[in-house]
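Below you'll find the structure, written out as structure tokens, and then a few comments.
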Amino acid sequence: MYTEKVMDHFMNPRNVGEIENADGVGEVGNVKCGDIMRIYIKVNGDIIEDVKFKTFGCGSAIAASSVATELIMGKTVEEALKLTNKQVVDELGGLPPVKIHCSVLAEQALKAAIYDYATKNDLHYEALKDFDPNEDHDHHDVVDIEF
Ligand code: FES
């Protein structure tokens with residue numbers, strides 16, 4: 001049911017944790033399954049020089065956030081904004097249909113972190129112009145919960 005890559009990133013997730021004094025923090029949750037994901041980014045110039053995550057959720061959500069952090073590490077903010085949940089799924093070698101929303105959560109958490117960074121620095125990215133962190137993203141509500 002799960003690829004080896006999913007199992008690997010679930011058992012040994014990369015870039016777990018928090019970044020103190022992060023330049024952007026994004027937190028999203030899925031109201032249906034109750035899973036919550038938080039992504040921290042550190043930006044230098046326009047390069048994402050560090051990214052960490054904390055996911056309180058299912059194995060697929062943990063694996064999805066783990067590969068998402070790998071995919072954007074060292075990239076520019078613009079490049080990171082192009083990350084789609086499909087790329088996350090492809091990188092994992094696939095996810096069962098009922099678990100696709102877990103990859104959407106990773107994409108949205110990253111966007112929320114960049115949105116936070118952009119808001120704090122008065123930066124405007126084309127890819128974020130319709131992004132509303134308080135909107136219901138594909139049934140994903142932003143939640144305000146302390147870990
Ligand atoms: Fe909801 Fe995985 S079951 S994030």
Side-chain angles (χ1 to χ4, degrees), residues 1-43 47-120 125-147:
M1 184 170 180
Y2 291 108
T3 65
E4 258 176 50
K5 191 128 185 214
V6 172
M7 291 311 292
D8 178 33
H9 278 268
F10 167 56
M11 305 292 275
N12 309 293
R14 324 306 194 256
N15 306 312
V16 175
E18 309 181 10
I19 297 176
E20 239 178 88
N21 304 319
D23 295 310
V25 183
E27 184 174 293
V28 291
N30 180 296
V31 281
K32 288 198 184 127
C33 63
D35 291 357
I36 300 158
M37 196 179 283
R38 189 185 285 174
I39 289 187
Y40 302 79
I41 55 169
K42 191 90 198 152
V43 185
I47 302 288
I48 299 187
E49 64 173 13
D50 200 11
V51 48
K52 291 219 179 328
F53 80 92
K54 271 189 164 180
T55 292
F56 184 74
C58 75
S60 299
I62 290 166
S65 22
S66 174
V67 294
T69 60
E70 281 195 329
L71 286 170
I72 63 149
M73 186 80 80
K75 297 272 168 65
T76 65
V77 173
E78 295 267 3
E79 285 167 341
L81 281 169
K82 291 192 186 127
L83 182 81
T84 62
N85 82 295
K86 178 162 184 331
Q87 276 171 277
V88 170
V89 173
D90 288 348
E91 188 67 20
L92 287 169
L95 277 176
V98 293
K99 292 288 178 179
I100 294 295
H101 78 268
C102 318
S103 67
V104 174
L105 209 57
E107 181 194 319
Q108 294 301 335
L110 173 64
K111 285 215 168 80
I114 297 176
Y115 183 89
D116 182 44
Y117 161 72
T119 305
K120 284 177 179 151
Y125 295 100
E126 185 64 19
L128 286 177
K129 87 175 155 29
D130 297 324
F131 185 81
D132 176 357
N134 298 310
E135 186 189 300
D136 187 358
H137 302 288
D138 190 34
H139 310 298
H140 295 75
D141 281 342
V142 172
V143 290
D144 188 15
I145 285 180
E146 284 305 309
F147 281 82

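Numbering of ligands and ligand atoms starts at 1, following listing order.
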Quiz item: Side chain of Glu107, backbone of Val104: donor and acceptor closer than 3.5 Å?
Solution: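 Such a contact is absent between Glu107 side chain and Val104 backbone.
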Self-check item: Any donor-acceptor pair under 3.5 Å from Ser66 side chain to Ile62 backbone
Solution: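 Looks like no, no N/O pair under 3.5 Å.
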Using residues 16-24 as the side-chain source, report each donor-acceptor pair under 3.5 Å to any protein atom, sequence neighbours left out, with the distance given to one decimal.
| residue | atom | partner | partner atom | Å |
| --- | --- | --- | --- | --- |
| Glu18 | OE2 | Lys54 | NZ | 2.6 |
| Asp23 | OD2 | Val43 | N | 2.6 |

Exercise. Kindly check if the number of other-residue, nucleotide or ligand heavy atoms within 6.0 Å of NZ (Lys120) is above 12?
Key: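 Result for NZ/Lys120: enclosed.
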Quiz item: How many protein N, O or S atoms are found at a distance of less than 2.8 Å from atom 1 (Fe) of ligand 1?
Solution: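 My tally for this metal is 2.
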Quiz item: With sequence neighbours excluded, what pairs up with Cys33 under the side chain to side chain contact (heavy atoms under 4.5 Å, CB included) test?
Solution: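 Cys33 satisfies side chain to side chain contact (heavy atoms under 4.5 Å, CB included) with Asn30, Asp35, His101 only.
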Quiz item: Does any pair with a residue in residues 66-85 pass salt bridge (Lys or Arg N to Asp or Glu O under 4.0 Å), and if so which ones, sequence neighbours excluded?
Solution: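 Matches after skipping sequence neighbours: Arg14-Glu70.
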